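Every value quoted in this text rests on a predicted model; they were computed, and no experiment measured them. Position 1 is the first residue of the sequence, and the numbers go up from there.
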Amino acid sequence: MKNMKQLIKENSGQGAAEYILLFGGVLVIALLALTIYRSYMETSDVSLKAKDDIIDVRNTILDNRTHV
């Protein structure tokens, strides 16, 4: 009976359990965000090409310099 009372009063694993729950919550949020991002990218009409974007930005900058 004395051992049972000690076991109930034992709190050493509480911190670890809280960290596990916190990590699990962050993991769920991250997976949800990735799922939303993936569905957004699949339905997007615009293709993402860095090379084309860089060329567009450079042309815009050059056009703005010549108009000033």
Side-chain angles (χ1 to χ4, degrees):
M1 190 67 163
K2 192 174 191 178
N3 289 337
M4 192 64 130
K5 287 181 183 180
Q6 276 184 326
L7 186 61
I8 292 173
K9 291 181 181 181
E10 186 74 29
N11 291 329
S12 63
Q14 183 177 355
E18 290 173 357
Y19 282 120
I20 290 170
L21 289 172
L22 181 65
F23 180 71
V26 169
L27 188 63
V28 167
I29 291 170
L31 289 174
L32 182 64
L34 286 173
T35 303
I36 292 170
Y37 180 73
R38 183 178 61 179
S39 67
Y40 171 75
M41 293 306 290
E42 288 174 353
T43 60
S44 178
D45 293 336
V46 179
S47 62
L48 298 176
K49 295 181 182 175
K51 184 178 179 182
D52 294 339
D53 291 340
I54 292 171
I55 292 170
D56 289 342
V57 169
R58 285 182 181 161
N59 289 336
T60 302
I61 291 171
L62 290 174
D63 287 344
N64 288 338
R65 284 184 186 173
T66 57
H67 294 294
V68 174

Colleague: Which ILVMFWY residues can you reach from Ile55 by hopping between side chains whose heavy atoms are under 4.5 Å apart?
Modeller: none
Colleague: Apply side-chain contact (heavy atoms from CB on, under 4.5 Å) to Ile54 and list each qualifying residue two or more places apart in sequence or on a separate chain.
Modeller: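 For Ile54 the side-chain contact (heavy atoms from CB on, under 4.5 Å) partners, ignoring immediate neighbours, are Arg58.
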Colleague: Linking Ile, Leu, Val, Met, Phe, Trp and Tyr through side-chain heavy atoms less than 4.5 Å apart, which residues share a cluster with Leu22?
Modeller: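 Once heavy-atom contacts under 4.5 Å are chained together, Leu22 still belongs with nothing else.
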Colleague: Can you pull the side-chain hydrogen bond (donor to acceptor under 3.5 Å, both in side chains) pairs that have at least one residue in residues 15-30, sequence neighbours excluded?
Modeller: Gln14-Glu18
Colleague: Clusters formed by hydrophobic residues whose side-chain heavy atoms approach within less than 4.5 Å: which one holds Leu21, and what are its other members?
Modeller: none
Colleague: As an exercise, state the distance from CG of Asp56 to CG of Asp63, rounded to the nearest 0.5 Å.
Modeller: 10.5 Å
Colleague: Hydrophobic cluster mates of Ile36, side-chain heavy atoms under 4.5 angstrom, ILVMFWY only, any path?
Modeller: Leu32
